[in-house]
Trainee: 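Quick one: structure below, then a few questions.
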Amino acid sequence: MLDARFVRENVQVVRDALRRRGYEIELGGFVSLEEQRRAIIREVENLRNRRNVVSDEIGRLKKGGGDASGLIAEMKSVSERIKALDEDLKDVDARIREFLLNLPNIPHESVPEGRDESDNPEVRRWGEPREFGFEPLNHWDIAESLDIVDFDRASKIAGARFSLMKGEGARLERALMNFMLDMNTSKGYKEVFPPILVNRESMTATGQLPKFAPDLFRTADPELYLIPTAEVPVTNIHREEILRESDLPIYYTAYTPCFRREAGSYGKDTRGLIRQHQFNKVELVKFVRPEDSYDELEGLTRDAEEILQRLGLHYRVVVLCTGDLGFSAAKTYDIEVWLPGQGRYREISSCSNFEDYQARRADIRFRREEKKGTDFVHTLNGSGLAIGRTVVAILENYQQEDGSVVIPEALRPYMGVEVIR
RNA sequence: GGAGAGGUGGCCGAGUGGUUUAAGGCGGCGGUCUCGAAAACCGUUGUGGGGGCGACUCCACCGGGGGUUCGAAUCCCCCCCUCUCCGCCA
């Protein structure tokens, strides 16, 4: 969420910034709500001050045996007026908050201008696409012939966009989870295993609610939400906390299943493991000082890239343009792995700096050593990595002409086998 | 699911209708003393918001939300969370 005072005082700046992302937003109504809010506060606080002073007076009068009935009558009407103003204030506050919750973050100045995915500039690439002496297969053909993923039975059990991993497939999923967590913890990320059902407050804090409710799975009673990413519970670890400057930066890594409705993506990636309602992911989350957050974004992205490097998977890094940037993010790098079966790069990690946008919604602050008051932290997160898509990448990049799949060197201690055949 | 106990400032802990503008202690910070330190003593100590150029001033916050009252940390109602016991359960 953006700072109300900042928006009010920089209407032009905010409108232009949001236009760069493709949002046309009228801010006049907001500014007048803010004026209303302050007018109500001025009046109600004056009345409260009067009530405090007079109530004290009434107490003294009564103690001394005096007559306070006139003052009591006056205060009765003052209290009624306060009550009415409080109602108005609550209403105005709610409207202000709703407006702000639906405003996206402002892109960082280094984010390139663009309309959509096709305008995302490539920043760098690592490795080379492997040369095949045969026609490489799609991962779902590889997986089904090796009998390590069963899509038909998964759809019997749960429906479309679910998968049943079997044998070495299930083992591969588990091996990747452990490999990634071990790499991340060795770099100083603290491993956590959070709840995967969360409450509405947590979903609001990271920006999924209220705007993206249709993308989420929700339980009926009690009302809880299945997390679409570990970003949600892990960022909420420090919701409504004031951290010490010396605690920062804080790094977490978490493995969780993730759940997404994928509403509006009918017909996209209907085959295979790319787009599932349930998938596994290892996430990286950082809480940092504002002045460090862009260096920390570079570091976070490199940490995610290193996992692909250790797995020997060719990839490229793109920076999301203004039109493709996620709602809460100020800047995002996507890491796209090369998939020879599809002949294209696919997103396998998305690393973002949210600046203070989530911290303000979640009320995560820190106290500086040499300064009074508090500042909002900056939050960042990125996949390190999406496990299902890593399985896809390994199957497609390490396939052999005979249909077997070689296990990357770094993963063998976790897999126990060198080849799936 | 049932019964009970509890939730007060960074921490501990008093406070059951009006000098509590939340006692007292611990911790933190500053100072006095000291060669230096400890001890002792003195002072200070949160968050958010409104108004003012400013010294400053006002309002709110005792788990959350309602209510009673001129006035609520304190009384009433609902909810959340923690702990103990019982039941159930991986």
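Residue numbering restarts at 1 for every chain, and letters A, B, ... go by the order of the sequence lines. Given the structure is predicted, the values throughout are model-derived calculations rather than measurements.
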Trainee: Could you tell me whether A/I58 contacts a base, only the sugar-phosphate backbone, or nothing, with contacts defined as non-hydrogen atoms closer than 4.0 Å?
Mentor: base
Trainee: If you measure from the C1' atom in B/U45 to the same atom in B/C79, how many Å do you get, rounded?
Mentor: 34 Å
Trainee: Are A/K83 and B/U68 close enough that a side-chain N or O sits under 4.0 Å from OP1 or OP2?
Mentor: yes
Trainee: Would you say A/T374 places a side-chain N or O within less than 4.0 Å of OP1 or OP2 belonging to B/G48?
Mentor: yes
Trainee: Can you tell me, in whole Å, how much space there is between the P of B/A73 and that of B/C89?
Mentor: 47 Å
Trainee: Work out how far the C1' atom of B/G63 is from that of B/A55, and round it to whole angstrom.
Mentor: 38 Å
Trainee: Looking only at side-chain N and O atoms, does A/N52 come under 4.0 Å of OP1 or OP2 in B/C59?
Mentor: yes
Trainee: Is there a donor and acceptor pair, one atom on the side chain of A/E45 and one on the base of B/G51, closer than 3.5 Å?
Mentor: no
Trainee: Pick base, sugar-phosphate or nothing for A/N49, based on heavy-atom distances below 4.0 Å to the nucleic acid.
Mentor: sugar-phosphate
Trainee: Output the rounded distance in Å from CG (A/L89) to P (B/G50).
Mentor: 11 Å
Trainee: Can you tell me, in whole Å, how much space there is between the P of B/U8 and that of B/U82?
Mentor: 14 Å
Trainee: Give a yes or no on whether a salt bridge exists between A/D215 and A/R261, defined as a side-chain N under 4.0 angstrom from a carboxylate O.
Mentor: no
Trainee: Measure from CZ on A/F366 to P on B/G10 and round the result to the nearest Å.
Mentor: 18 Å
Trainee: Within the 4.0 Å heavy-atom criterion, would you say A/R367 contacts the bases, only the backbone, or no part of the nucleic acid?
Mentor: sugar-phosphate
Trainee: For nucleotides B/G43 and B/C53, find the distance between their P atoms and express it as a whole number of Å.
Mentor: 36 Å
Trainee: Check whether any side-chain N or O of A/K90 sits under 4.0 Å from OP1 or OP2 of B/G66, and answer yes or no.
Mentor: yes
Trainee: What's the gap between B/U34 and B/C41 when it is taken at their C1' atoms, as a whole Å value?
Mentor: 14 Å
Trainee: A/D363 has an atom CG; how far is it from atom P of B/U47, in whole Å?
Mentor: 12 Å
Trainee: Looking only at side chains, do A/N381 and A/Y252 share a donor and an acceptor under 3.5 Å apart?
Mentor: no
Trainee: Taking only side-chain nitrogens and oxygens of A/R5, does any of them come within less than 4.0 Å of OP1 or OP2 of B/G50?
Mentor: yes
Trainee: If I pick the C1' atom on B/G6 and the same atom on B/C56, what distance separates them, to the nearest angstrom?
Mentor: 42 Å
Trainee: Looking just at side-chain N and O atoms, do A/S110 and A/K331 make a donor-acceptor pair shorter than 3.5 Å?
Mentor: yes
Trainee: Provide, to the nearest angstrom, the distance between the CG atom belonging to A/D67 and the C1' atom belonging to B/C70.
Mentor: 13 Å
Trainee: For the pair made of CZ in A/R51 and C1' in B/C59, what is the distance, rounded to whole Å?
Mentor: 11 Å
Trainee: Between A/N49 (side chain only) and A/E45 (backbone N and O only), is there a donor and an acceptor less than 3.5 Å apart?
Mentor: no
Trainee: Reading RNA chain B from 5' onward, which residue's closest nucleotide shows up sooner: A/I41 or A/M75?
Mentor: A/I41
Trainee: Should the pair A/H238 and A/F287 be assigned to parallel (<30°), tilted (30 to 60°) or perpendicular (>60°) ring geometry?
Mentor: perpendicular
Trainee: Tell me the partner of B/C11, counting only Watson-Crick (N1-N3 plus N6-O4 or O6-N4) or G-U wobble (N1-O2 and O6-N3) with both under 3.5 Å; none if nothing fits.
Mentor: B/G25
Trainee: Would you tabulate the side-chain donor-acceptor contacts of residues 358-365 of chain A under 3.5 Å, counting partners in other chains and residues two or more places apart, or write 'none'?
Mentor:
from   : atom 1 : to     : atom 2 : distance (Å)
A/Q358 : OE1    : A/T379 : OG1    : 2.8
A/Q358 : NE2    : A/T206 : O      : 3.1
A/Q358 : NE2    : A/E231 : OE2    : 2.9
A/R360 : NH1    : A/M1   : O      : 3.4
A/R360 : NH1    : A/D356 : OD1    : 3.3
A/R360 : NH1    : A/D356 : OD2    : 3.3
A/R360 : NH2    : A/D356 : OD2    : 3.3
A/R361 : NE     : A/T204 : O      : 2.8
A/R361 : NH1    : A/L101 : O      : 3.2
A/R361 : NH1    : A/Y357 : OH     : 3.0
A/R361 : NH2    : A/T204 : O      : 3.4
A/R361 : NH2    : A/L209 : O      : 2.9
A/D363 : OD1    : A/R365 : NE     : 2.9
A/R365 : NH1    : A/T374 : OG1    : 3.4

Trainee: Between A/A73 and A/R48, just flag the one whose closest nucleotide in RNA chain B comes earlier from the 5' side.
Mentor: A/R48
Trainee: Does A/R365 place a side-chain N or O at less than 4.0 Å from the phosphate oxygens OP1/OP2 of B/G48?
Mentor: yes
Trainee: Using the P atom in both, what is the distance from B/U19 to B/A23, to the nearest Å?
Mentor: 13 Å
Trainee: Would one find a side-chain N or O of A/S79 under 4.0 angstrom from OP1 or OP2 of B/G71?
Mentor: yes
